[in-house]
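All remarks here apply to the structure that follows.
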Amino acid sequence: GYSTMQRINTAMVLGELQCTGCGPELAAQTVQYNLGMRIHGYAVVDFEAFVTAIDAIGGVDLDVPYAIYDYDYPSMNYGYVPFIIEAGLHHLDGETALKYARTRHTDSDFERARRQQLVMMAIREQLLQEDTLMRVIGQSPTLLADLSRDVHTSLSLEEAVSLALYLRDIPLEAIHTGVIDANYISDYTTEDGSAVLLPLRDRLGNLMINTFGIDYAN
């Protein structure tokens, strides 16, 4: 129902203005429209839930490819707090993993997306550790109760557990990732003067196929 060009994250806000809980649905529809990729389910995780979930699995091991010195990292009190991490192997708790996933002042939003994928893969690796996944599943009702205010998902508990078990059996070489970076966008200014990036749809097709497979639209 919205015909104007706006930032993609605006869809979440506009959806919530329509009705409580409609934000994720409108965001999913917006991603589908822009990428031509079918979305079958979603999970919206806020900062508190992210930290809680990482800590619940015992933290994650991450091989940081290069040092980050972000002196403008946003604090939770609308200020700034330095975030510094050296290159090399680190064991990150939830709070530090969140900072690593959010920081972007050292490089760009594109690299931040790649960092977020690294964190997701580190979570997978931690869940594959002996007893970790089963321990988390065993405490899932309590954990979900703790996360209920900070996670919104279209998945039932049974579906989430089934996906977690399925993920355990997927070999690493069968997992493909991609980032919509400078190769797939062009600069654009909206009617209200906001600087945004437009997807180059003629280039996105190959990226979607390489990442999600030939039937990604289904």
Side-chain angles (χ1 to χ4, degrees), residues 1-2 6-54 56-57 60 94 97-98 101-102 112-128 132-172 174-180 199 201 204-205 207-218:
Y2 295 94
Q6 302 186 52
R7 294 180 185 275
I8 193 168
N9 56 3
T10 307
M12 180 73 75
V13 178
L14 295 177
E16 286 301 307
L17 291 177
Q18 293 178 353
C19 67
T20 301
C22 291
E25 293 287 351
L26 185 57
Q29 293 170 16
T30 303
V31 172
Q32 288 182 161
Y33 171 78
N34 279 278
L35 302 186
M37 179 184 67
R38 176 67 175 156
I39 295 178
H40 300 278
Y42 64 82
V44 181
V45 182
D46 75 3
F47 296 155
E48 292 295 332
F50 181 90
V51 171
T52 299
I54 295 291
I57 64 174
V60 294
L98 175 64
R102 290 187 66 200
R112 177 172 62 174
R114 292 188 174 91
R115 277 191 289 276
Q116 291 169 354
Q117 292 179 350
L118 288 176
V119 172
M120 292 297 293
M121 297 302 290
I123 292 172
R124 172 187 178 275
E125 289 302 313
Q126 182 65 20
L127 288 173
L128 290 179
T132 300
L133 180 58
M134 299 312 298
R135 174 171 52 82
V136 171
I137 290 176
Q139 66 182 25
S140 58
T142 302
L143 183 59
L144 283 181
D146 293 338
L147 298 175
S148 60
R149 293 179 303 175
D150 303 317
V151 175
H152 306 279
T153 179
S154 60
L155 303 175
S156 67
L157 175 59
E158 292 75 16
E159 289 172 326
V161 171
S162 296
L163 281 175
L165 292 172
Y166 178 66
L167 176 66
R168 179 185 59 181
D169 297 327
I170 300 177
L172 182 61
I175 299 177
H176 304 277
T177 61
V179 171
I180 300 176
R201 291 184 176 85
L204 279 178
L207 176 66
M208 295 296 105
I209 291 173
N210 291 336
T211 305
F212 297 104
I214 194 66
D215 60 346
Y216 72 93
N218 298 317

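It should be emphasised that the depicted structure is a prediction, and the values quoted were computed from it without experimental measurement.
- Counting all heavy atoms, side chain and backbone alike, G15 lies closest to L26 at N-CD2, 3.5 Å.
- Around the OH atom of Y33, the shell of radius 6.0 Å holds no more than 12 heavy atoms that belong to other residues, nucleotides or ligands.
- For R124, there are no side chain to side chain donor-acceptor pair (under 3.5 Å) partners, not counting sequence neighbours.
- Here E48 contributes atom CD and L98 contributes atom CG; the two are 9.0 Å apart, rounded to the nearest 0.5 Å.
- For the atom pair CG of L35 and CG of L204, the computed distance is 6.0 Å after rounding to the nearest 0.5 Å.
- Note that CD1 of I57 and CD of E125 are 11.0 Å apart. Values are rounded to the nearest 0.5 Å.
- Residues satisfying the side chain to side chain donor-acceptor pair (under 3.5 Å) criterion with Q6, sequence neighbours excluded, are T4.
- Note that the CG atom of L167 and the CD1 atom of I175 stand 6.0 Å from one another [nearest 0.5 Å].
- Atoms OG1 and CZ, from T30 and R7 in turn, are 15.0 Å apart once rounded to the nearest 0.5 Å.
- Between M208 and M37, the shortest heavy-atom contact is SD-SD, 4.4 Å.
- Nearest heavy-atom pair across V151 and A49 is CG2-CB, 3.5 Å.
- Remark: the backbone N or O of G41 is not paired with any side-chain donor or acceptor of S154 at under 3.5 angstrom.
- Of all non-hydrogen atoms in L207 and I180, the two that sit nearest each other are CD2-CG1, 3.9 Å.
- Between L128 atom CG and D169 atom CG the span is 9.0 Å, to the nearest 0.5 Å.
- Residues E159 and T153 fail the side-chain proximity criterion, which asks for heavy atoms closer than 4.5 Å.
- Minimum interatomic distance between V179 and A113 (heavy atoms only, all atoms of both residues): CG1-CB, 4.0 Å.
- Between F50 and V119 the shortest side-chain heavy-atom distance falls below 4.5 Å.
- More than 12 non-hydrogen atoms from other residues, nucleotides or ligands lie less than 6.0 angstrom from CD of E16.
- Using a distance-only test at 3.5 Å, with no hydrogens or angles considered, no donor-acceptor pair links the side chain of Q32 to the main chain of R38.
- In this structure, the side chains of M12 and V44 come closer than 4.5 Å at one or more pairs of heavy atoms.
- In terms of modelled atom types and a separation under 3.5 Å, the side chain of Q117 and the main chain of T177 share no donor-acceptor contact.
- Between Y42 and E25, the closest heavy-atom pair is CE2-OE2, 3.6 Å.
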Side chain to side chain contact (heavy atoms under 4.5 Å, CB included) evaluation trace for M121 with L172: CA-CA 9 Å; M121 297 302 290; L172 182 61; 3.1 Å; yes

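- With sequence neighbours excluded, the residues satisfying side chain to side chain donor-acceptor pair (under 3.5 Å) with N34 are R201.
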